[in-house]
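Since the model is a prediction, treat every value here as computed from it, not as a measurement.
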Amino acid sequence: MAAPKRGRSASAQSKPGRTLALILIAIVALTGGMFLSGHTTPRLGIDLAGGTSITLEAKADQGSAINKANMDTAVDIMNRRVNGLGVSEAEVQTQGDRNIIVNIPKGTNSKEASDQVGTTAKLYFRPVLAQDATGPAAASPSPSASGSSTASPSPSASKSGSTGEKATSSSSPSASASSQGRAVTDALKADATPSASASASSSASPSAPASTAPSAAEAKLQAQYTALDCSKKAQRTTAGEGAKPGETTVGCGESSGVWYKYLLGPAAVDGTEVKKAQAVFDTQNASGWQVTMTFNSKGAKKFADVTGQLAKNSSPQNEFGIVLDGDVVSSPYVSSSITGGSAQISGSFTQKEAQNLANMLSYGALPLSFQEQSVTTVTAALGGDQLHAGLLAGAIGLLLVVVYLVAYYRGLSLVAMASLLVSAILTYVLMALLGPAIGFALNLPAVCGAIVAIGITADSFIVYFERIRDEIREGRSLRPAVERAWPRARRTILVSDFVSFLAAAVLFIVTVGKVQGFAFTLGLTTVLDVVVVFFFTKPLMTLLARRKFFASGSKWSGLDPESLGAKPPLRRTRRPAAPVETKEA
């Protein structure tokens, strides 16, 4: 048998006190962060704390049929939109052939979520043919730089100075019906021949007489534009309803508290040609939050062409309207063709408004339009009972584990219980912090995952303890036994936890809804198990091995050599010389 190498191993030379101090500092820092953030309890899922349930009914009014494929696509887009709001554990599922149910946990703005999930997000870039202020405030300030929806008071679109704020719209149609009628008719004719920019701009003047009688369609649109009062909500919601992308239509937008009505030409660029949209803060020009858009190759060419044409016209026909779901989000003027395949919508956006707009544009348009049927609040009474039952089951399981550890490992059970306590504190604090950080919500399956984790964590301690006992059975004292047992126990623990984490990761990827809560909690507690064993259990065991109670092998320590059936220490002895046989002569 080879003699052991002299000297202390690298593990024995480590500083267990420093390692313990490190993890305790981390716990204090995380706990302090939890209290400073104000989120001292984990965010509960809808099955435990209640929440909001939204029922949406599909409408086949966009040329798409209500079928399984379109409904599944709508569910997928709604799921991504809700996640874009920072909401987790939300459930989006079909009910029957025409309905979609969206369940959102408590703590989420239900109105904001309702607006996001059911919005069709149809985005078009339409040339502005005419515009005018409406309502009681129409005579006060001159038309502002841009019209916008309620999401943004005064946004505009720009790209390196190619577009900008509008000047006072002295050439815009007046408030009288007759002049508005002539402006609409002439604007329609100008739109029919966009290449003749000079004649188009002059014909758009309210004083220019109509050269020919308007057609029936023009007369109908003229009457619709003249009668439109965007200061009235009922008229705003129906403005341009049912208009197809290739048709001229009307729309409404707001700026600085004043509502404006617009006559808009056929869509020049479709929102589906926006490849990416994101909310960014402009630090260079101090223009605040804005939404940047990147077009695909087809959309970039269209956008460059239409802005090149509009740049030749005079106000307001040198403007294009950014129309989102019928609302004129912005109507910036164009001074030159915008090339490069990107543009920005900027103005007085708040961060939330910019993120919501970018969220809808990024995740595309729904294949169907949806009408909100009901918004109900789910009671938390049943969830409270389920949470109570889950916590009771966890407490019983933990108690049984502690009883087993005390009965079988005696003094070593103190190490196991201290490690379980550290693991429980880290799990709770991280769950509380992950709620506001990534939208994690603790649901009933997640509670089950935490209960299962008790057994996984206790199993790691048992593996290490049994390795130590094996070394003592071989006749070694406690201090070398602790160090020699660690490498073998470490490999076993890492392999076991890797398998558990891999199972949790696969389960999280291939499942949806509440089952993901179970998988996430199981994966989180598995990672924490490795952290606790390496940075708490092992250093603590190294320190206790230096204490007389454990080092002497007391019966109550759980490491009594006699009780474990230890062999006597191995000693090297010289082999006796063989007797020399005498030879006879």
Side-chain angles (χ1 to χ4, degrees), residues 59 61-62 111 114-115 118-155 166 169 172-188 191 204 206 214 216-267 316 319-331 353 357 360 369-372:
K59 300 291 183 182
D61 57 358
Q62 300 187 59
K111 184 180 185 306
S114 176
D115 293 341
T119 303
T120 56
K122 288 292 186 182
L123 176 72
Y124 298 108
F125 295 84
R126 293 176 177 269
V128 175
L129 305 180
Q131 66 116 53
D132 190 31
T134 62
S140 53
S142 59
S144 75
S146 59
S148 67
S149 66
T150 55
S152 173
S154 58
K166 296 187 287 184
S169 186
S172 61
S174 64
S176 64
S178 60
S179 61
Q180 283 184 9
R182 288 194 300 271
V184 172
T185 303
D186 293 337
L188 290 171
D191 181 55
E218 292 173 349
K220 181 180 178 181
L221 191 60
Q222 171 182 315
Q224 186 180 0
Y225 179 80
T226 303
L228 180 62
D229 185 356
C230 289
S231 63
K232 298 179 180 178
K233 184 178 180 181
Q235 295 193 35
R236 290 199 304 269
T237 55
T238 58
E241 190 175 31
K244 296 180 179 179
E247 298 176 348
T248 303
T249 184
V250 296
C252 293
E254 183 192 15
S255 176
S256 302
V258 180
W259 284 97
Y260 296 90
K261 59 183 177 181
Y262 292 85
L263 179 65
L264 303 166
E319 305 163 12
F320 65 86
I322 302 174
V323 185
L324 179 68
D325 290 335
D327 293 329
V328 181
V329 176
S330 178
S331 60
E353 289 167 349
L357 178 57
M360 287 190 291
S369 64
F370 288 86
Q371 182 177 353
E372 191 177 279

[X] side, atom [atom1]; [Y] side, atom [atom2] - distance, nearest 0.5 Å:
X	Y	atom1	atom2	result
Tyr225	Leu129	OH	CG	9.5 Å
Trp259	Leu228	CH2	CG	11.0 Å
Gln235	Lys261	CD	NZ	9.0 Å
Glu254	Thr134	CD	OG1	10.5 Å
Arg126	Leu263	CZ	CG	10.5 Å

Is Pro266 close to Thr248 at the side-chain level, that is, under 4.5 Å between some pair of heavy atoms?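 They are in contact (side-chain heavy atoms under 4.5 Å apart), so the answer is yes.
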
Do Cys252 and Val328 have side-chain heavy atoms sitting under 4.5 Å apart?
->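 No, too far: nothing below the 4.5 Å cut-off.
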
* **Residue pair Phe125, Ile322: steps toward the side-chain contact (heavy atoms from CB on, under 4.5 Å) verdict** => CA-CA 5 Å; Phe125 295 84; Ile322 302 174; 3.7 Å; yes

Can you name the nearest heavy-atom pair linking [X] to [Y], along with the distance?
X	Y	answer
Val258	Ala133	CG1-CB, 4.2 Å
Gln224	Val250	NE2-CG2, 3.6 Å
Cys230	Gly251	SG-O, 4.0 Å
Tyr262	Gly253	CE1-N, 4.0 Å

For Lys233, the side-chain contact (heavy atoms from CB on, under 4.5 Å) test, sequence neighbours excluded, returns Arg236, Thr237

Applying side-chain contact (heavy atoms from CB on, under 4.5 Å) to Lys220 and not counting sequence neighbours gives none

